[in-house]
There are 2 protein chains.
Amino acid sequence: MKNRLKVLRAERDWTQAQLASALEVSRQTINAIEKGKFDPSLPLAFKAARLFNLTIEEIFQDQVETV
Amino acid sequence: MKNRLKVLRAERDWTQAQLASALEVSRQTINAIEKGKFDPSLPLAFKAARLFNLTIEEIFQDQVETV
DNA sequence: TAAATATGTAAAGTTCATTTGACTTTTACT
DNA sequence: AGTAAAAGTCAAATGAACTTTACATATTTA
């Protein structure tokens, strides 16, 4: 699962800590999601979409499995 | 988190077991999600969206907190 | 260059998504 | 009414999301 969080953050000049606080998660959670360590929960994805005024699909992109 | 899985299933005349198999999860998982016991993971939500050819937002609706 | 801020990472613990297996209840059909 | 399929539910187990604490590295700024 790829995501555009780092770019969206950069566009607004936000730190990971600021985004974390806006989404009410820890800074490490934001870091881990940006670095692809794990995927956010669906509720957290919705919260991010609301925050950035985008759809979930505009922020998170499912990897289409190329078999 | 509300969702339209039951309706989408009914429109296609699918059982919970059939949807489960299409999404490669257990029947109990579909049942629990439909009954609102828990939210699906983001990857599972993407898979459902792909299956129904809808966006995540068209299937799952975040409860806006009315404080 | 030193200090401050931002980012990356790791371990241990908690909570929740998901599985398996089994059982009960509901719905539909004969 | 009897049967079969579908839906609902429960308990125990596993794994993944997320937290806290703590430290290391990188980047910015005084």
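Just so we're on the same page: letters track the sequence lines, and every chain starts at 1. Here the structure is a predicted model, which is why all the values come from computation and not from measurement.
Summarising the geometry, the separation between CD on Glu34(B) and P on dA6(D) is reported as 14 Å, rounded to the nearest angstrom. Look at NZ on Lys37(B): it is 15 Å from P on dA7(D), rounded to the nearest Å. The CG atom of Leu42(B) sits 10 Å away from the P atom of dC18(D) (whole-angstrom rounding). Rounded to a whole Å, the CG atom of Leu44(B) is 12 Å from the P atom of dA17(D). Asp39(A) has its CG atom 11 Å from the P atom of dA16(D), to the nearest Å.
Note on Asn31(B): a side-chain N or O is less than 4.0 Å away from OP1 or OP2 of dG8(D). The phosphate of dA7(D) (OP1 or OP2) has no side-chain N or O of Lys35(B) nearer than 4.0 angstrom.
The shortest side-chain heavy-atom distance between Met1(B) and Phe38(B) does not fall under the 4.5 Å cut-off. No side-chain heavy atom of Gln61(A) sits less than 4.5 Å from a side-chain heavy atom of Asn3(A). Using a 4.5 Å heavy-atom threshold, the side chains of Thr15(A) and Leu19(A) count as separate.
Mapping heavy-atom proximity under 4.0 Å, the span of DNA chain C touched by chain A runs 5' to 3' from dA6(C) to dA10(C).
Annotation for Pro43(B) and Asp39(A): closest pair CG-OD2, 3.3 Å, computed over non-hydrogen atoms. The two atoms that bring Phe46(B) and Phe60(A) nearest to each other are CZ-O, 3.1 Å, heavy atoms only.
If you chain together hydrophobic residues whose side chains sit under 4.5 Å apart, Val7(B) and Leu5(B) never meet in one group.
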Checklist line | Nucleotide-resolved protein contact map, nucleotides 19-27 of chain D, B/S/- at heavy-atom distance under 4.0 Å | finding: BBBB-----

Name each donor-acceptor pair under 3.5 Å that joins a side chain in residues 25-33 of chain B to protein atoms two or more places apart or in another chain, with its distance.
{"residue": "Ser26(B)", "atom": "OG", "partner": "Thr29(B)", "partner atom": "N", "Å": "3.2"}
{"residue": "Ser26(B)", "atom": "OG", "partner": "Thr29(B)", "partner atom": "OG1", "Å": "3.0"}
{"residue": "Asn31(B)", "atom": "ND2", "partner": "Gln16(B)", "partner atom": "OE1", "Å": "3.1"}

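A salt bridge does not link Glu58(A) to Arg4(A): none of the charged side-chain nitrogens sits closer than 4.0 Å to a carboxylate oxygen.
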